[in-house]
There are 2 protein chains.
Amino acid sequence: MFKKWLKVFSQCDLFKGINPEELNLVFNCLKPKVSNYEKNDWVAVAGEKFTGLGVVLAGEVVVVKENAAGNRVIIAVNTPGEMFGEMAAFSGEGVWPVSVTARTACTVMFLPAGKIVGNCEMLCASHRLLVTNLLEIVSHKALMLHRKVEYLAIKSLRGKISTFLLENYKKMGKPTFLLPLKRNELADFLNVSRPSLSREMCRLRDEGVIDFHRESIKIREVNALRNMAE
Amino acid sequence: MFKKWLKVFSQCDLFKGINPEELNLVFNCLKPKVSNYEKNDWVAVAGEKFTGLGVVLAGEVVVVKENAAGNRVIIAVNTPGEMFGEMAAFSGEGVWPVSVTARTACTVMFLPAGKIVGNCEMLCASHRLLVTNLLEIVSHKALMLHRKVEYLAIKSLRGKISTFLLENYKKMGKPTFLLPLKRNELADFLNVSRPSLSREMCRLRDEGVIDFHRESIKIREVNALRNMAE
DNA sequence: CAAAATCGGTAACCAGGGTTACCAAAATAC
DNA sequence: GTATTTTGGTAACCCTGGTTACCGATTTTG
């Protein structure tokens with residue numbers, strides 16, 4: 001029944017380390033529900049009862065969050081092998097925190113959260129692996145969010161730029177390196193406007209703290225940067 | 001050996017649903033290391049090899065993050081029963097992302113991450129419960145962080161206030177309710193200054209959008225608020 | 001009950017950074 | 001090769017919100 005999706009499963013972090021035969025046992029145990037959707041169908045609606053961890057098998061879905069103003073903000077576009085609802089699944093909240101719609105005709109598998117963490121009478125090893133994979137995925141996501149919070153909480157543009165540069169300096173190990181983001185991407189990441197970012201970087205250059213040309217950058221005064229971070 | 005800490009374990013989310021006898025089996029399996037620290041000792045140092053999920057048994061520890069500037073920022077103060085390192089433990093990073101110091105003389109138990117998710121030959125049910133508890137804890141944390149990111153990413157003070165009020169309105173179900181936070185707490189939560197928050201709330205009142213006195217608040221124009229959120 | 005601390009509204013001042021618009025350099029398309 | 005698009009630097013304008021300081025109302029302490 002799930003044979004046709006094996007290729008998808010093989011590149012899905014959720015099933016990492018679980019071979020096809022074991023996967024069959026896991027599915028026997030979890031009894032996932034597979035549903036097909038037409039383009040623009042609702043796969044999940046925010047506020048409604050949580051139906052389970054979603055795994056996209058074919059097509060594409062869009063995860064959207066409705067903010068307080070009622071606007072829809074796209075959180076992610078998920079392609080085959082990707083998941084949605086993994087944070088909500090085990091946090092004890094019983095409803096979808098986001099909505100999911102079909103961007104194209106698609107097929108989605110729902111793994112019931114209760115059965116994933118519930119007592120499986122078979123106690124199969126792979127089922128166990130599934131849970132630890134999930135733990136790893138969610139932990140990773142939490143760390144990413146934590147990092148994002150750190151950047152967003154910095155109030156001055158100088159502080160954001162300095163923090164970003166120092167973090168990259170540390171990662172690269174040398175004071176001259178290539179920025180991993182273009183100006184407008186960096187502006188987005190730091191949650192500031194592009195011209196403001198440009199202006200401030202030039203000021204830093206005028207002050208002799210850094211030097212740059214396009215994506216190549218050189219840190220001249222590490223300590224000055226450190227003083228400005230935070 | 002762990003008998004003296006049973007009271008602590010009983011109020012620790014990590015061990016929820018695991019009774020004392022089972023707990024003993026789990027500890028037999030995990031072989032946690034218990035260490036004592038003097039006041040101001042380093043319990044963990046950012047960047048050094050990860051030693052395991054920490055559980056405070058006695059005393060208090062401070063979790064600090066060193067930012068790029070080298071300043072230390074207190075992330076949390078943990079008392080008996082509380083944990084640290086739960087996100088780092090399973091995200092695959094091998095080093096401590098934060099430092100932990102002893103605020104008072106204290107006792108800390110380290111559960112080796114590898115053994116928690118590793119193959120336990122006994123496959124004990126409680127061990128399994130431990131992992132699912134962890135999954136729940138980390139998921140919950142991730143959701144909280146996600147929510148925090150949403151607020152921090154809003155640029156205007158009006159937007160933040162409106163979003164906060166609308167979210168509470170939705171939760172309470174009626175347009176008149178009590179604010180769950182004091183002004184300075186709310187200012188902290190929204191990452192703005194207290195006088196600015198006050199000023200903007202008064203403007204909203206002058207415009208007839210809301211009405212308030214101290215902690216009691218009334219939303220008069222829901223739609224106006226919605227337009228201002230985001 | 002009086003003293004002290006906390007809480008929250010108000011006002012003046014001003015700096016940081018958003019906005020807009022324009023232009024030059026570089027990359028890409030045709 | 002030229003044309004087009006993308007990328008990024010620059011400048012002027014001005015609005016939002018931080019800062020500081022003060023004061024009255026409330027709550028807490030003893």
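A, B, ... follow the sequence lines: proteins, then strands. Residue 1 opens every chain.
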Checklist entry - Which pair of non-hydrogen atoms, one from A58(B) and one from P80(B), has the smallest distance, and what is that distance? => result CA-CG, 3.9 Å

Next on the checklist: Among residues 197-216 of chain B, which ones have heavy-atom contacts with DNA chain C below 4.0 Å?
Outcome noted: S198(B), R199(B), C202(B), R205(B), F212(B), R214(B)

Checklist entry - Within this structure, what is the NZ-to-P distance between K155(A) and dG18(C), rounded to whole angstrom? => result 15 Å

Item to check | For the student: nearest non-hydrogen atoms of R183(A) and R214(A), plus distance | outcome: NH2-O, 3.0 Å

Checklist outcome for this item: Residues L157(A) and L197(A): closest non-hydrogen pair is CD2-N, 4.1 Å

Item to check | Minimal non-hydrogen separation, N78(A) against F84(A), with atom names | outcome: ND2-CB, 3.7 Å

Next on the checklist: From C-beta outward on K182(A), which listed nucleotide comes closest to its side chain: dG8(C), dT7(D), dG9(D)?
Outcome noted: dT7(D)

Next on the checklist: side-chain contact (heavy atoms from CB on, under 4.5 Å) for L111(B) and M109(B)? Distances and angles first, verdict last.
Outcome noted: CA-CA 7 Å; L111(B) 302 170; M109(B) 174 171 76; 4.1 Å; yes

Checklist entry - Angle class for the F50(B)/W96(B) ring planes (parallel below 30°, perpendicular above 60°, tilted otherwise)? => result tilted

Checklist entry - Is the phosphate of dC7(C), meaning OP1 or OP2, less than 4.0 Å from a side-chain N or O of N184(B)? => result yes

Checklist outcome for this item: In whole angstroms, the gap separating P of dC7(C) from CG of L186(B) amounts to 14 Å

Checklist entry - Roughly how many Å is it from CZ in R183(A) to C1' in dT5(D), rounded to a whole number? => result 18 Å

Next on the checklist: With a 4.0 Å cutoff (strictly under), does any side-chain N or O of S193(B) reach OP1 or OP2 of dG17(D)?
Outcome noted: no

Checklist entry - Does OP1 or OP2 of dT16(D) have a side-chain N or O of S156(B) closer than 4.0 Å? => result no

Item to check | Rounded interatomic separation in angstrom, taking CZ from R158(B) and P from dT16(D) | outcome: 9 Å

Checklist entry - Can you tell me how far P of dT6(C) sits from CG of L181(B), to the nearest Å? => result 19 Å

Checklist entry - Roughly how many Å is it from CZ in R194(A) to C1' in dT7(D), rounded to a whole number? => result 8 Å

Checklist entry - Short question: side chain of S99(B), backbone of A46(B) - any donor-acceptor pair under 3.5 Å? => result yes

Item to check | Atom-to-atom span, CG of N191(B) to C1' of dT16(D) - whole angstrom | outcome: 15 Å

Next on the checklist: Given dT19(C), dG17(C), dG17(D), identify the nucleotide with an atom nearest to the side chain of L157(A).
Outcome noted: dG17(C)

Checklist entry - Please give, in whole Å, the distance from dG8(C) P to I217(B) CD1? => result 12 Å

